[in-house]
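Because the structure is a prediction, the values reported are computed rather than measured.
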Amino acid sequence: MKRPSSLATTLGVLVLVVALAGSAGAAVRRIAIATAGTGGALYPMGVAMAESINRHVPGFQASAQASAASVQNLSMLHAGSVEWGIAQSEIAWFAYNGLEVYRGRQMDHLRALFATVGSWVQVFVPANSPVRSFDDLRGKRVGVGSPGSGGEVDARMLLSYFGLTYQNVKAVFLSDAEMVEALKEGTLDAMVVTHPLKSAPLLDLTTSMKVRMLSVDDPSFYGKHPYFLRRVIPGGTYEGIDEPVVTPYSRVVMYTSTRSGLGDDDIYRMLRAIWDNRNEWKDAHPAVSRDVTWEAALDGIATPLHPGAVRFFRDRGVKVPDALIPPEMK
């Protein structure tokens, strides 16, 4: 028998190595998790959760990316440029149903995964302001957030409930940090912001000047807007605000899309990696440690879950509400 030449053997080995390397590279699926700005709770949470996926789900390489949060993340999910992304529950509900700013561009491919931190709609006025109710805001300069942002949508909804529009208040479109500075300088009469409690801009505001907050205590508001939960901000949460304040609360939810290319088993394995290893990401931010818990994983979600998420939660003994079952499972 003729023995192969050393050159032929070497070439054969090289071909095999290249083929194996190519197939190994092809086996790794990269996924992007869109979060929010780097200064809050959501970006470090996303980074830490991505690391848990990378450690415990073979074949996937996840990474978190900073973004402008809800509205941008939903747009990227819609375009297929990210596989996961966070959004306020109410903004995602509008997108899923083609309402509000999403009228005519429904995103019924969105699927929820689990709830994360909470966002509180908070209305601040100077402590010496004559504004005591929402009706008193007529004709006043009201900061409503950046145009088209999730916070601006919330501000518009809240004002609308009390019969206020951008025609009978002087709406001022500013970022959250800019609204804080404007209220401190006296160029705003009020500001409406959707934020976790005691976020950096709000601590800046409440430690720099004396302010009051307006309560939203009307039960019919919450009946009309089921994606909001009625919550009480305890007195003393902010310096100088000693009385409890009732205000709308929503969850920031992690979403994927039926367009993501991720199968039910993929989602199941990723959720198992995240929730079986909560200790790896729970300390990413105090709000994450406090709010992102197994007991609250489905709280405040207003859109259907992904089928892989339904199976995951059911396997862990969680009763999934009928409203969260996606159409493809009915």
Side-chain angles (χ1 to χ4, degrees), residues 29 31-35 42 45-46 48-50 52-60 62 64 70 73-74 76-78 80 82-99 102 106-119 226-229 250-278 280-282 288 291-330:
R29 170 77 190 276
I31 68 166
I33 303 174
T35 60
L42 294 165
M45 179 191 76
M49 286 183 174
S52 289
I53 290 172
N54 295 340
R55 289 188 191 102
H56 305 291
V57 186
F60 284 91
S70 297
N73 293 348
L74 292 176
M76 290 192 290
L77 282 168
H78 184 64
V82 299
E83 287 73 24
W84 285 22
I86 60 93
Q88 292 163 219
S89 183
E90 69 276 19
I91 305 303
W93 190 85
F94 289 143
Y96 181 80
N97 290 286
L99 301 173
Y102 295 97
Q106 183 178 12
M107 299 183 187
D108 57 2
H109 54 84
L110 289 177
R111 296 292 181 268
L113 296 173
F114 54 87
T116 70
V117 302
S119 274
Y227 32 78
F228 281 129
L229 305 174
S250 69
R251 300 303 294 272
V252 176
V253 177
M254 186 71 78
Y255 292 93
T256 187
S257 165
T258 57
R259 300 177 176 181
S260 68
L262 298 172
D264 297 358
D265 287 343
D266 299 329
I267 295 296
Y268 187 100
R269 290 192 297 142
M270 290 179 193
L271 294 184
R272 182 175 61 193
I274 286 172
W275 287 106
D276 283 356
N277 299 282
R278 183 175 180 267
E280 294 178 355
W281 49 262
K282 69 179 178 62
V288 174
D291 295 342
V292 192
T293 65
W294 177 252
E295 295 73 20
L298 297 184
D299 286 358
I301 296 178
T303 56
L305 293 169
H306 190 281
V310 173
R311 180 159 64 91
F312 173 75
F313 284 109
R314 282 177 171 171
D315 282 357
R316 297 300 174 95
V318 176
K319 179 174 174 52
V320 177
D322 289 344
L324 299 188
I325 305 299
E328 57 267 33
M329 294 184 74
K330 293 181 178 178

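The CD1 atom of Ile267 sits 5.5 Å away from the CH2 atom of Trp84 when rounded to the nearest 0.5 Å. Atoms OH and CD1, on Tyr227 and Ile91 in that order, are 8.5 Å from each other to the nearest 0.5 Å. For the atom pair CD1 (Ile33) and CE (Met254), the distance works out to 5.5 Å, reported to the nearest 0.5 Å. Between Arg269 atom CZ and Ile274 atom CD1 the span is 12.5 Å, to the nearest 0.5 Å. Rounding to the nearest 0.5 Å gives a distance of 15.0 Å between NZ of Lys282 and CE of Met45. Once rounded to the nearest 0.5 Å, the distance linking CD1 of Ile53 with CZ of Phe60 reads 9.0 Å.
Nearest heavy atoms, Ala62 versus Asn54: N-OD1, 2.5 Å. Taking all atoms of both residues into account, the shortest heavy-atom contact from Ala64 to Ala50 is N-CB, 4.2 Å. What you find for Trp281 and Ala48 is that their closest heavy atoms are CB-CB, 3.4 Å. Between Ala34 and Met76, the shortest heavy-atom distance links the atoms CB-CE, 3.7 Å.
The aromatic rings of Phe114 and Trp275 stand perpendicular to each other, their planes meeting at an angle above 60°, with 30° marking the opposite boundary.
Within the 3.5 Å criterion, the main-chain N or O of Val252 finds a donor-acceptor partner in the side chain of Thr116. Not a single donor-acceptor pair under 3.5 Å links the side chain of Arg272 to the backbone N or O of His56. Here the side chain of Ser70 pairs a donor or acceptor atom with the backbone of Gln88 at under 3.5 angstrom.
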N/O donor to acceptor pairs below 3.5 angstrom from side-chain atoms of residues 293-306, sequence neighbours left out:
unit_1 : atom_1 : unit_2 : atom_2 : d
Thr293 : OG1    : Ala296 : N      : 3.3
His306 : ND1    : Gly308 : N      : 2.9

Please tabulate, one pair per line, all N/O donor-acceptor pairs under 3.5 Å involving side-chain atoms of residues 312-320, not counting sequence neighbours.
unit_1 : atom_1 : unit_2 : atom_2 : d
Asp315 : OD2    : Tyr268 : OH     : 2.8
Arg316 : NH1    : Asp276 : OD1    : 2.9
Arg316 : NH2    : Asp276 : OD1    : 3.0
Arg316 : NH2    : Asp276 : OD2    : 3.3

Could you pull out all donor-acceptor pairs under 3.5 Å where a side-chain atom in residues 322-330 meets a protein atom, sequence neighbours excluded?
unit_1 : atom_1 : unit_2 : atom_2 : d
Glu328 : OE1    : Arg111 : NH2    : 2.9
Glu328 : OE2    : Arg111 : NE     : 3.0

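Proximity of Ser52 to Arg278: side-chain heavy atoms (C-beta onward) are nowhere separated by under 4.5 Å. Taking the side chain as every heavy atom from C-beta outward, Asn73 and Val82 never approach each other to under 4.5 Å. Met107 has its side chain out of reach of Leu77: every pair of non-hydrogen atoms, C-beta onward, lies at least 4.5 Å apart. Under the 4.5 Å side-chain criterion, counting only non-hydrogen atoms from C-beta, Met270 is not in contact with Met49.
Looking at residues two or more places apart in sequence or on another chain, you find no salt bridge (charged side-chain N to carboxylate O under 4.0 Å, His left out) involving Asp291. Remark: Glu90 pairs with no residue by the salt bridge (charged side-chain N to carboxylate O under 4.0 Å, His left out) rule, at least two apart or across chains.
Counting only residues at least two apart or on different chains, the salt bridge (Lys or Arg N to Asp or Glu O under 4.0 Å) pairs with a member in residues 301-313 are Asp265-Arg311.
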